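Here is the structure we will look at, set down as structure tokens.
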Amino acid sequence: MKLIFLGPPGAGKGTQALGVGSRLNVPHISTGNMLRAAVRNETPMGLAAKKYMDAGKLVPDEVLIEMVRERLSMADCRKGYLLDGFPRTVEQAEALEEIAPPDCVVNITVPDEKLLERLTGRRVCTKCSGTFHISKLTDERICPVCGWTLMHREDDQPVTIRERLRVYHEQTAPLIGYYEGKGKLRTVDGDCKPEDVLESILSALE
Ligand code: AMP
């Protein structure tokens with residue numbers, strides 16, 4: 001199964017991908033996580049990407065397309081993939097059609113005002129990639145799942161969040177129509193409890 005999770009930042013793509021990827025037995029590929037690892041490791045690509053990420057802008061298409069092309073050529077992607085955060089532009093979607101076109105695209109919707117609240121309170125585990133809201137944590141610094149350190153992403157600050165949402169509406173939302181036109185889009189309401197969203201995704205995939 002080749003699957004894409006589409007949706008604005010904070011829609012729950014990463015959280016849902018952790019559960020769905022293991023159920024479908026396909027690798028969860030988050031381009032945001034790959035870029036953050038490159039930034040941490042100070043690779044030339046990471047250093048070049050950082051200024052875009054910190055500003056809430058998209059990293060140039062050619063960088064992402066090559067990164068994803070390489071990742072999808074790895075052995076574990078022979079059984080499929082679950083892409084989270086890619087494609088984010090029509091140019092990326094067209095490149096993916098040539099590399100390995102998706103079977104299905106799940107569009108997770110959440111209203112903008114909820115996204116802002118979710119992202120400002122979001123903490124992410126640097127080890128297991130678990131995502132938590134501060135309202136549910138007893139200690140904002142410790143991952144309740146694996147005990148590792150939680151971080152507040154630099155791009156989860158209000159000014160940058162607003163820019164990421166603007167970029168989403170301008171450059172990524174057109175992909176909804178793009179995949180609808182191909183008959184591959186399934187839309188799921190992401191504005192409810194994570195377990196309910198998971199259920200809606202699994203039934204949309206049946
Ligand atoms: P995410 O973790 O998916 O929210 O991604 C964090 C940041 O990484 C984004 O705000 C972009 O700067 C960059 N990024 C991730 N995926 C892509 C992509 N497909 N195209 C361009 N930039 C991306």
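Counting convention: from 1, in listed order, for ligands and their atoms alike. Position 1 is the first residue of the sequence, and the numbers go up from there. Everything quoted here is computed from the prediction, not taken from an experiment.
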- Near Q92 (heavy-atom distance under 4.0 Å), the atoms of ligand 1 are 18 (C), 19 (N), 20 (N), 21 (C)
- L64 contact mode with ligand 1 (heavy-atom cut-off under 4.0 Å): side chain
- Identify the closest protein heavy atom to atom 9 (C) of ligand 1: which residue and atom is it, and at what distance? R88 NH2, 4.0 Å
- Are the side chain of N41 and the backbone N or O of A37 linked by a donor-acceptor pair below 3.5 Å? yes
- Item | Heteroatom proximity flag, G56 to ligand 1, N/O under 3.5 Å | no
- Note on the structure: Connected to M74, directly or through other members, by ILVMFWY side-chain contacts below 4.5 Å are none
- Message: Using a plain distance cutoff, I'd like to know if Y52 has any nitrogen or oxygen under 3.5 Å from a nitrogen or oxygen of ligand 1.
- Response: no
- Does R71 use its side chain to pair, donor to acceptor, with the backbone of I29 at less than 3.5 Å? no
- Query: Does the N or O separation between N33 and ligand 1 drop below 3.5 Å for any pair?
  - Reply: no
- Note on the structure: Check: of K57, K51, R36, min heavy-atom distance to atom 2 (O) of ligand 1 comes from R36
- Should the heavy atoms of other residues, nucleotides or ligands under 6.0 Å from CD of E97 be counted, would the total exceed 12? yes
- Protein contact of atom 22 (N) of ligand 1 - nearest heavy atom, named by residue and atom, plus distance: V59 N, 3.0 Å
- Query: Are any of the N or O atoms of P9 closer than 3.5 Å to those of ligand 1?
  - Reply: no
- Apart from L202 itself, what residues make up its hydrophobic cluster, given side-chain heavy atom links below 4.5 Å? M1, L3, F5, V20, L24, V26, L82, V106, I108, V188, V197, L198, I201, L205
- Answer yes when R162 and D112 have at least one side-chain N-carboxylate O distance shorter than 4.0 Å, and no when they do not. no
- Message: Surrounding CD of E163 (heavy atoms of other residues, nucleotides or ligands, distance under 6.0 Å), is the total greater than 12?
- Response: yes
- Does G10 offer a backbone N or O that forms a donor-acceptor pair with the side chain of R118 under 3.5 Å? yes
- Message: Show the atoms of ligand 1 that are less than 4.0 angstrom away from any heavy atom in T31.
- Response: 15 (C), 16 (N), 17 (C), 19 (N)
- Pick from V167, L119, L35: the one approaching atom 8 (O) of ligand 1 most closely through a non-hydrogen atom: L35
- Task: Under 4.0 Å from a heavy atom of R153: give me the atoms of ligand 1 that qualify, with their elements.
- Result: 1 (P), 2 (O), 4 (O), 6 (C)
